[in-house]
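First up is the structure itself, then whatever we jot down about it.
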Amino acid sequence: EVRLVESGGGLVQAGGSLRLSCAASGFTLDGYSIAWFRQAPGKEREAVSCISSLPGSTYYADSVKGRFTISRDNAKNTVYLQMNSLKTEDTAVYYCAVDRGSATSSGWFVFWEYEYWGQGTHVAVSS
C-alpha cells in the first residue's frame, strides 16, 4: 500500500523555522518527483516546492523562494521541506505528493499530475 505521512507542522512565531517531513511507505521515493502543496482556509491549493526525479532539479513558488528548501534522503525514504523566515501568510495545511514522472519547470505546480497524496500537516505562523 502506497502511503505518505507528513509531520513537523505546528505553531511558530513569524520569523521562525519549521522542518516538514514526508515519509513514504509501500514504495521507494527515489526516482519519483515529490512536491509540497499547501492550502490555507478559504484559498485554493498552492504549489510550494518540488524535488524532481531529474537530478539536481528543484522548484519553488516565488512566494517561498529563498526561504524554503526542499531535499530528499533516499536512505530514509523521506523528503523534507525546511521552512525559514516564516510569515503569517505561510499558515496552511501542507501536503506532500508524488508524481511518478519527471517533474519539470513547466509543470511541477500542476496538482493533478501527482498520483499520491499525504493527509497533510498543519502549519500556523503567528505574528
Side-chain angles (χ1 to χ4, degrees):
E1 178 189 3
V2 172
R3 191 170 179 220
L4 297 171
V5 178
E6 301 96 333
S7 61
L11 175 63
V12 64
Q13 285 191 325
S17 298
L18 284 173
R19 188 178 78 157
L20 305 184
S21 299
C22 172
S25 59
F27 71 105
T28 303
L29 285 176
D30 188 14
Y32 292 165
S33 301
I34 316 301
W36 287 94
F37 288 77
R38 66 187 181 186
Q39 188 163 21
K43 294 189 176 181
E44 293 187 352
R45 184 169 13 187
E46 173 189 19
V48 175
S49 182
C50 173
I51 185 163
S52 176
S53 59
L54 301 173
S57 295
T58 56
Y59 311 107
Y60 298 92
D62 287 343
S63 58
V64 306
K65 203 170 292 184
R67 299 188 298 122
F68 290 10
T69 303
I70 192 169
S71 62
R72 70 164 87 210
D73 184 335
N74 290 332
K76 294 184 178 180
N77 214 29
T78 300
V79 169
Y80 303 99
L81 185 68
Q82 178 66 43
M83 306 187 298
N84 299 330
S85 302
L86 283 162
K87 304 176 180 179
T88 55
E89 51 262 44
D90 294 319
T91 295
V93 178
Y94 284 71
Y95 302 90
C96 65
V98 173
D99 175 3
R100 291 179 289 178
S102 298
T104 64
S105 59
S106 62
W108 70 270
F109 45 85
V110 178
F111 74 88
W112 59 80
E113 292 289 335
Y114 294 85
E115 293 96 339
Y116 305 113
W117 292 77
Q119 83 292 343
T121 185
H122 189 236
V123 172
V125 184
S126 63
S127 58

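We count residues from 1, following the sequence as given.
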Donor-acceptor contact below 3.5 Å, side chain [X] vs main chain [Y]:
{"X": "Asp90", "Y": "Lys87", "result": "yes"}
{"X": "Glu6", "Y": "Cys96", "result": "yes"}
{"X": "Ser106", "Y": "Thr104", "result": "no"}
{"X": "Ser33", "Y": "Gly101", "result": "yes"}
{"X": "Arg38", "Y": "Val93", "result": "no"}

Rounded to the nearest 0.5 Å, what separation is found between the [atom1] atom of [X] and the [atom2] atom of [Y]?
{"X": "Asp99", "Y": "Tyr116", "atom1": "CG", "atom2": "OH", "result": "11.0 Å"}
{"X": "Met83", "Y": "Thr69", "atom1": "CE", "atom2": "OG1", "result": "11.0 Å"}
{"X": "Leu86", "Y": "Ser126", "atom1": "CG", "atom2": "OG", "result": "10.0 Å"}
{"X": "Phe111", "Y": "Glu46", "atom1": "CZ", "atom2": "CD", "result": "13.5 Å"}
{"X": "Leu29", "Y": "Ile34", "atom1": "CG", "atom2": "CD1", "result": "4.5 Å"}
{"X": "Ile51", "Y": "Tyr59", "atom1": "CD1", "atom2": "OH", "result": "10.5 Å"}

[X] versus [Y]: any side-chain heavy-atom pair under 4.5 Å?
{"X": "Asn77", "Y": "Thr28", "answer": "yes"}
{"X": "Ser49", "Y": "Leu81", "answer": "yes"}
{"X": "Ser52", "Y": "Trp108", "answer": "no"}
{"X": "Phe109", "Y": "Cys50", "answer": "no"}
{"X": "Tyr60", "Y": "Ile70", "answer": "yes"}

Problem - Ser25: side-chain contact (heavy atoms from CB on, under 4.5 Å) partners, not counting sequence neighbours - result: Arg3

Completion exercise
Looking only at heavy atoms, the pair that brings Val48 and Tyr94 closest together is CG2-CE2, 4.3 Å

Taking the ring of [Y] and the ring of [X], is the distance between their centroids below 6.0 Å?
{"X": "Trp36", "Y": "Phe68", "result": "no"}
{"X": "Phe27", "Y": "Tyr32", "result": "yes"}
{"X": "Phe37", "Y": "Tyr114", "result": "yes"}

Handout entry: salt bridge (charged side-chain N to carboxylate O under 4.0 Å, His left out) evaluation trace for Lys65 with Asp62
Key = CA-CA 5 Å; Lys65 203 170 292 184; Asp62 287 343; 3.2 Å; yes

Handout entry: Joint cluster assignment, Val79 & Leu4, ILVMFWY side-chain distance < 4.5 Å
Key = yes

Handout entry: Shared hydrophobic cluster for Val5 and Tyr80 (ILVMFWY, side-chain gaps under 4.5 Å)
Key = no

Handout entry: Any pair counted as salt bridge (Lys or Arg N to Asp or Glu O under 4.0 Å), so long as it reaches residues 24-33, sequence neighbours left out
Key = none

Distance-only criterion, 3.5 Å: show the donor-acceptor pairs between side-chain atoms of residues 7-23 and protein atoms not counting sequence neighbours.
from: Ser17; atom 1: OG; to: Asn84; atom 2: OD1; distance (Å): 2.9

Problem - Test item: side-chain donor near acceptor, Thr88 and Ser127, under 3.5 Å - result: no

